[in-house]
Amino acid sequence: QVQLVESGGGLVQAGGSLRLSCAISGSISDFNVMGWYRQAPGKEREFVALIMRGGSTNYADSVKGRLTISRANAKNTVYLEMNSLKPEDTAVYYCYADLVQRYWGQGTQVTVSS
């Protein structure tokens, strides 16, 4: 059973930084795509960023230049470096991984105060 466990969320002031981690059971090199979505209160879950097995990345327009996704194969972990945070970044952030199906983590709360 594939398990994804996020960590690193918390409360930060606007302009601050956080680094989210997503630890994946098994080898992350097995997965075609890994990434992050987020869901703000009262809103639908939205795409944030992804990283392909080969290392290419893609970002939502709203986070380009501020958030960076990366992976550490030796640690079976995917990261989301978050800089210049804004109150509108407040959401629960979910890690996912695609193989034959999509696997999700349980989410980690990020709250950005103004």
Return the set of residues passing side-chain hydrogen bond (donor to acceptor under 3.5 Å, both in side chains) with Thr111 (not counting sequence neighbours), or none when no residue passes.
Gln109
Going by the ring pair (Phe, Tyr, Trp, His ring centres under 6.0 Å) test, which pairs reach into residues 11-30, not counting sequence neighbours?
none
State whether the side chain of Glu81 and the backbone N or O of Thr68 hold a donor-acceptor pair below 3.5 Å, judged by distance alone.
no
Would you please name every residue forming a side-chain hydrogen bond (donor to acceptor under 3.5 Å, both in side chains) with Ser27, sequence neighbours left out?
Ser29
Would you tabulate the side-chain donor-acceptor contacts of residues 11-23 under 3.5 Å, counting partners in other chains and residues two or more places apart, or write 'none'?
unit_1, atom_1, unit_2, atom_2, d
Ser17, OG, Asn83, OD1, 2.8

Once side chain to side chain contact (heavy atoms under 4.5 Å, CB included) is applied, do any residues pair with Ser25, and if so which ones, sequence neighbours excluded?
Val2, Gln3
For residues 49-67, the salt bridge (Lys or Arg N to Asp or Glu O under 4.0 Å) pairs (sequence neighbours left out) are Asp61-Lys64, Arg66-Asp89
Going through the checks in order, is the side chain to side chain contact (heavy atoms under 4.5 Å, CB included) test met by Trp104 and Arg45?
CA-CA 12 Å; Trp104 291 96; Arg45 192 174 294 192; 3.3 Å; yes
Qualifying salt bridge (Lys or Arg N to Asp or Glu O under 4.0 Å) pairs with a residue from residues 67-80, counting only residues at least two apart or across chains:
none
Heavy-atom closest pair (Glu6 atom, Cys95 atom, distance to 0.1 Å) is OE2-N, 2.8 Å
Linked hydrophobic residues, Val5 as query - side chain contacts closer than 4.5 Å:
none
Can you confirm whether Thr108 sits close enough to Val92 that some side-chain heavy atom of one is under 4.5 Å from a side-chain heavy atom of the other?
no
Listed once per pair and sorted, the ring pair (Phe, Tyr, Trp, His ring centres under 6.0 Å) pairs that draw on residues 40-70, sequence neighbours left out:
Tyr37-Phe47
For Ile69 versus Thr57, what's the shortest heavy-atom pair and its separation?
CG2-CG2, 3.7 Å
Val48 and Leu50: same hydrophobic cluster, using ILVMFWY side-chain contacts below 4.5 Å?
no
Can you list every side chain to side chain donor-acceptor pair (under 3.5 Å) pair that touches residues 91-101, not counting sequence neighbours?
Arg38-Tyr93, Asp98-Arg102
Residues pairing under disulfide bond (SG atoms under 2.5 Å apart) where one sits in residues 41-82, two or more places apart or in two chains, turn out to be none
Any link between Ile24 and Tyr79 through a network of hydrophobic side chains (Ile, Leu, Val, Met, Phe, Trp, Tyr) touching at under 4.5 Å?
no
Are side-chain heavy atoms of Trp36 and Val78 found at a separation under 4.5 Å?
yes
Is there a donor-acceptor pair under 3.5 Å between the side chain of Thr90 and the backbone N or O of Val112?
yes
Listed once per pair and sorted, the ring pair (Phe, Tyr, Trp, His ring centres under 6.0 Å) pairs that draw on residues 4-26, sequence neighbours left out
none
Minimum heavy-atom separation for Gln39 to Lys43, with atom names?
NE2-O, 3.1 Å
